[in-house]
Amino acid sequence: MSTQLTPIAAPVVPERFANPLRQIASLLQQPAVRRSLPMILMIGLIASAAVAWMLLATPQQKVLFAGLPDADKSAVTAALQQANITARIDDGTGALTVNEDDYARARIVLAGQGLPKAAPGGYAILDQLPMGVSRAVEGERLRQARETELARSIEEIDSVAEARVHLAMPEVSVFVRDNAAPSASVILKLQAGRSLAEAQVSSIINLVASSVPGMKPDAVTIVDQMGALLTHAPGQDSTTLAGDARIDFQRRIEDKYRTQLIQLLTPLVGAGNFSAEIQADVNLDETQATRESYDKQGALRAEQGNWSGLKDPPIPSGIPGALSNTPPAASTVSTVPKTPAPAAPAAAVPGTTPAPATPAEVVKQAENYARAYDLGKEISVTRAMPGQIKRLSVAVLLRDPEKGKPRSPAEIQQITQLVRAAVGFDASRNDQVTVIARKFATASVLDDKAPWYEAGWLPIVARNVTAILIAIMVLMLGVRPLSRALLKKREEAVPPRLGMGSATEGAGNAGDGAAAESAEQPRPAVSIEMLDQARGYDDRIGMVRGFTRDNPTRAALAVRDMIKADAG
């Protein structure tokens with residue numbers, strides 16, 4: 001009974017791709033690959049050293065210009081090559097970069113040649129307008145020219161390195177209510193370590209607003225390269241602005257006094273031998289008072305009213321009697337101003353005939369008048385301006401000599417008097433002036449110079465030294481051992497030359513073989529094990545000759561033993 005075996009299905013993946021590691025190992029085991037492997041490793045090490053050298057030896061790059069047109073890049077690169085300055089163009093950003101050490105020299109060289117030649121700006125753009133352009137294009141070109149000219153004008157300020165101006169000029173409408181006011185935005189790139197004062201910002205605002213018809217100063221916005229807003233927003237709190245103005249005013253007062261002290265003490269104690277600080281308490285409140293006063297003595301200006309009264313009783317007359325002949329009690333008569341009073345009647349004398357009766361006098365009983373007087377009036381308005389110093393504190397620190405006697409109390413007292421006179425000392429304000437003398441800290445502590453390990457030349461030297469060391473290590477630890485291994489394998493691959501040719505060669509060729517053998521390169525030493533493993537008679541003879549050459553003493557002892565054995 002025969003059994004039929006079912007064939008096994010072949011694997012989907014070919015065998016040569018089933019195990020890549022085994023295939024790689026078998027590839028490396030091939031003689032040709034093994035012989036060339038040291039050379040490949042040596043070339044790889046040399047290439048790695050070259051790449052490391054290029055990466056480490058290349059100095060740090062600094063952007064010279066960014067966003068230049070292609071024509072300007074070509075002109076700038078050619079000018080730098082003539083000046084032996086290496087320029088590179090960044091593939092990602094397109095910026096033109098040079099070595100950090102050559103940055104300043106490159107700027108000077110390009111400035112001397114007037115490069116880069118920027119695209120025509122300002123009103124020169126209008127000269128390039130072709131004929132037949134639309135009104136919209138003409139308006140945009142005019143706006144661009146105005147922006148460029150304004151930017152150039154702003155760049156004339158010392159603290160400004162670069163400036164860009166953007167004008168928003170809406171179209172003019174026939175309807176007044178639809179007309180929008182123009183506005184402007186200015187971005188400034190300031191010089192390193194510089195800032196703009198409030199007066200300079202106001203100057204830029206007025207410059208831009210005055211250059212565009214219908215633009216108000218409130219419509220101008222200024223921003224620096226750090227994104228800080230230099231103009232005050234319309235909705236900003238007025239209290240904050242007033243506080244900033246007060247702080248700035250106080251700082252100016254303190255700087256004024258500090259400058260006076262520096263000018264006074266520098267000739268006396270020398271620059272750097274003193275330190276002065278001033279704290280001024282300034283009254284920044286603005287007050288206004290109005291006073292109105294009147295004179296007590298006034299003049300009658302107008303009078304209006306009336307008065308009422310009764311006549312005097314009649315004078316008694318008739319038959320004399322006890323009562324009838326008694327005169328009435330004397331009465332007081334009030335005289336109205338500006339009315340002449342009648343003469344008083346003469347008293348009746350007893351026994352005489354009384355005089356005829358006169359008209360009766362009127363006695364005023366009540367009056368009702370409205371009188372107006374002219375009074376002296378005085379109005380005075382007093383306004384106190386801010387800036388009055390309420391209190392002043394001054395502290396001065398003097399340096400004592402490093403060698404010698406310290407400053408005497410008399411000298412310190414004299415300097416104190418000078419400081420008081422310089423700042424306008426007032427005891428009624430409780431001003432305070434303090435002057436002391438102490439030894440200052442050593443110069444190494446207060447020295448602003450950067451340490452040696454932060455110097456600019458150190459990274460360059462370290463980079464070059466590191467690249468050299470890497471190259472030396474690659475040569476010593478990689479290339480040299482590989483070259484030795486290659487030479488050794490080559491020597492082992494050369495078959496040993498036989499001292500005598502074949503068995504059919506005569507004895508006359510022995511001398512030629514010996515001469516040829518002496519002219520050949522040195523061959524490896526022959527051991528006894530190699531003699532035992534020799535394949536043929538000719539190979540064994542050659543190995544014996546080699547063994548005799550390498551071990552003459554042992555060969556002589558072997559010959560002696562052979563002679564003794566034959567003799568015995």
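For reference, positions follow the sequence shown, starting with 1.
A distance-only check finds a donor-acceptor pair linking the side chain of Gln250 to the backbone of Ala280 [under 3.5 Å]. Without hydrogens or angle criteria, Glu277 side chain to Ala395 main chain gives no donor-acceptor distance under 3.5 Å. A distance-only check finds no donor-acceptor pair linking the side chain of Asp102 to the backbone of Val98 [under 3.5 Å]. Side chain of Asp431 to main chain of Leu392: a donor-acceptor pair is present (N/O by atom type, distance under 3.5 Å, no hydrogens or angles). Side-chain N or O atoms of Arg399 include one that pairs as donor or acceptor with a backbone N or O of Gly272 at under 3.5 Å. Under a 3.5 Å cut-off, the side chain of Asn99 and the backbone N or O of Asp101 do not form any donor-acceptor pair.
Contact record, Pro401 with Pro406: CD-CA, 4.4 Å, taken as the closest heavy-atom pair. The nearest pair of heavy atoms linking Arg105 to Ile85 is NH2-CG1, 3.3 Å. The shortest non-hydrogen separation linking Ala87 to Leu96 is CB-CD1, 4.2 Å. Between Ala462 and Thr466 the shortest heavy-atom distance is O-OG1, 2.6 Å. Heavy atoms only, all atoms of each residue included: Val109 and Ala79 are closest at CG1-O, 4.5 Å. Of all the heavy atoms in Leu264 and Ala422, the pair that sits closest is CD2-CB, 3.7 Å.
Ile222 contributes atom CD1, which lies 4.5 Å from atom CD1 of Ile205 (distance to the nearest 0.5 angstrom). Expressed to the nearest 0.5 Å, how far CD of Gln263 lies from CG of Leu268 amounts to 14.0 Å. We find the CD1-CD distance between Ile154 and Gln200 to be 12.0 Å, quoted to the nearest 0.5 Å. For the atom pair CD of Gln432 and CD of Gln279, the computed distance is 11.5 Å after rounding to the nearest 0.5 Å. The CG atom of Asn273 sits 9.0 Å away from atom CG of Leu398, with the distance rounded to the nearest 0.5 Å. In this structure, CD1 in Ile204 is found 5.0 Å from CG in Leu188, a value given to the nearest 0.5 Å.
Annotation: side chain to side chain donor-acceptor pair (under 3.5 Å) contacts of Ser393 (sequence neighbours excluded): Arg391.
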Q.
Let's go through Ile187 and Gln225 carefully: what are the C-alpha distance in whole Å and the side-chain angles of both, what is the deciding distance for side-chain contact (heavy atoms from CB on, under 4.5 Å) to 0.1 Å, and is it a yes or a no?
A. CA-CA 7 Å; Ile187 181 169; Gln225 74 271 20; 5.9 Å; no
Can you check salt bridge (charged side-chain N to carboxylate O under 4.0 Å, His left out) on Arg251 and Asp255, steps first, answer last? CA-CA 6 Å; Arg251 185 182 297 111; Asp255 292 341; 5.7 Å; no
TODO: Begin with the C-alpha distance, continue with both residues' side-chain angles, and end with the deciding distance and a verdict on side-chain contact (heavy atoms from CB on, under 4.5 Å) for Leu80 and Leu110.
DONE: CA-CA 8 Å; Leu80 293 178; Leu110 295 177; 4.2 Å; yes
**Message:** Could you go through Asp224 and Leu196, starting from their C-alpha distance and side-chain angles, then the distance that decides it, and tell me whether this counts as side-chain contact (heavy atoms from CB on, under 4.5 Å)?
**Reply:** CA-CA 10 Å; Asp224 63 1; Leu196 289 179; over 6 Å; no
Q: Give the C-alpha distance, both sets of side-chain angles, the deciding distance and a yes or no for salt bridge (charged side-chain N to carboxylate O under 4.0 Å, His left out) between Glu140 and Arg143.
A: CA-CA 5 Å; Glu140 289 297 322; Arg143 180 183 59 81; 2.5 Å; yes
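The neighbour count for Arg164 CZ, taken as heavy atoms of other residues, nucleotides or ligands under 6.0 Å away, does not exceed 12. Under a cut-off of 6.0 angstrom, the local environment of CD in Gln191 is crowded, with over 12 non-hydrogen atoms contributed by other residues, nucleotides or ligands. Within a 6.0 Å sphere centred on NZ of Lys390, other residues, nucleotides and ligands contribute more than 12 heavy atoms.
Val394 has its side chain out of reach of Tyr257: every pair of non-hydrogen atoms, C-beta onward, lies at least 4.5 Å apart. No side-chain heavy atom of Val220 sits under 4.5 Å from any side-chain heavy atom of Thr231. Side chains of Ile436 and Ile412 form no contact here, defined as non-hydrogen atoms less than 4.5 Å apart. Between Val269 and Arg407 the shortest side-chain heavy-atom distance falls below 4.5 Å. The side-chain heavy atoms of Leu115 and Asp72, taken from C-beta on, include no pair separated by under 4.5 Å. The shortest side-chain heavy-atom distance between Asp158 and Arg194 falls under the 4.5 Å cut-off.
Tested against Val223, the residues Val186, Leu229, Leu230 include a single side chain to side chain contact (heavy atoms under 4.5 Å, CB included) partner, Leu229.
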